[in-house]
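This is a predicted model, so every value here is computed, not measured.
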Amino acid sequence: NKCNVGYAFVNFINEDEARRFKTDFEGFKLTHFKSNKVLQISFARIQGYEKNVEHFRNSAVMGGSVAPEYQPLLFDPITNEEIDFPQPDKPIKNVKLRKAKS
């Protein structure tokens, strides 16, 4: 149905707001789309704005084999304006695609 791929990463600047979001939206059903999906929220392995930027700037998803619409977006934490990711500081490996399920 082309509504979404089923996940998103949201980086909160404030830990209390992140916990409140989890409390308010855990189990929320996405009724606008033709989907039975409900929100399931978990905290990421990598925490913090700088650590996430550093991780993704060198990630395979930022390479040329991944279309821009599938790459992470970066927003200025003050203005909320979209900004460019810093250039990678080491070679980016190609994405390893999984075999399709039969």
Side-chain angles (χ1 to χ4, degrees):
N1 65 9
K2 297 184 181 180
C3 67
N4 63 50
V5 295
Y7 63 89
F9 296 98
V10 179
N11 189 45
F12 287 87
I13 296 172
N14 178 297
E15 183 178 346
D16 291 336
E17 292 297 320
R19 293 192 185 284
R20 191 178 103 213
F21 182 88
K22 181 173 174 36
T23 298
D24 290 350
F25 288 99
E26 180 74 31
F28 184 80
K29 186 169 184 337
L30 303 173
T31 58
H32 183 73
F33 302 102
K34 296 176 184 175
S35 172
N36 293 324
K37 294 178 182 175
V38 294
L39 296 179
Q40 180 180 6
I41 300 167
S42 59
F43 294 105
R45 176 179 52 87
I46 300 170
Q47 291 291 319
Y49 184 86
E50 291 84 10
K51 287 183 182 177
N52 273 284
V53 169
E54 189 60 29
H55 171 75
F56 282 107
R57 74 187 286 195
N58 293 308
S59 170
V61 300
M62 299 303 283
S65 63
V66 176
E69 59 265 28
Y70 298 112
Q71 294 176 341
L73 298 176
L74 183 61
F75 296 88
D76 183 283
I78 305 301
T79 66
N80 296 325
E81 298 284 328
E82 186 177 347
I83 57 177
D84 293 332
F85 259 84
Q87 292 297 310
D89 57 5
K90 56 186 170 185
I92 295 180
K93 296 180 181 178
N94 289 329
V95 171
K96 295 177 185 173
L97 299 175
R98 293 186 226 164
K99 293 183 179 183
K101 294 179 182 179
S102 357

4.5 Å side-chain heavy-atom contact, [X] and [Y]:
X: P72; Y: V61; value: yes
X: L74; Y: V53; value: yes
X: K51; Y: Q47; value: no
X: K37; Y: F28; value: no

Query raised in the report: If you take all heavy atoms of D76 and I78, which pair is closest and at what distance?
Result: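 Taking D76 first and I78 second, the nearest heavy atoms are OD1-N, 2.7 Å.
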Report task. For residues R57 and P88, report the shortest heavy-atom separation together with the two atoms involved. Result ->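 Smallest interatomic distance, heavy atoms only, reads O-CB, 3.3 Å.
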Applying a strict under-4.5 Å side-chain criterion to I, L, V, M, F, W and Y, I'd like to know whether [X] and [Y] cluster together.
X: V38; Y: I41; result: no
X: F43; Y: F21; result: no
X: V10; Y: L39; result: yes
X: I46; Y: I92; result: no

Report task. In plain terms, say whether D16 and R20 are close enough for a salt bridge, that is, a side-chain N and a carboxylate O under 4.0 Å apart. Result ->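 Looking at R20 together with D16, the answer is no, because their closest N to O distance does not fall below 4.0 Å.
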Please say whether more than 12 non-hydrogen atoms of neighbouring residues, nucleotides or ligands are located less than 6.0 Å from [atom1] in [X].
X: E17; atom1: CD; answer: yes
X: E82; atom1: CD; answer: yes
X: K29; atom1: NZ; answer: yes

Query raised in the report: Does F56 have its ring centroid less than 6.0 Å away from the ring centroid of F85?
Result: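 For F56 and F85, the ring centres are not under 6.0 Å apart.
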Using modelled atom types and a 3.5 Å cut-off, is there a donor and acceptor pairing between side-chain atoms of [X] and backbone atoms of [Y]?
X: T23; Y: R19; answer: yes
X: N58; Y: D89; answer: yes
X: E81; Y: F75; answer: no

Requested in this report: Output the distance between atom NZ (K93) and atom OG (S59), rounded to the nearest 0.5 Å.
Outcome: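 OG of S59 is found 11.0 Å from NZ of K93.
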Query - Spacing of L73 atom CG and Q71 atom CD [to the nearest 0.5 Å] - result: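 Here the interatomic distance stands at 9.0 Å.
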Report task. Go through the steps to decide whether E26 and Q40 satisfy the test side chain to side chain contact (heavy atoms under 4.5 Å, CB included), and finish with yes or no. Result -> CA-CA 5 Å; E26 180 74 31; Q40 180 180 6; 3.8 Å; yes
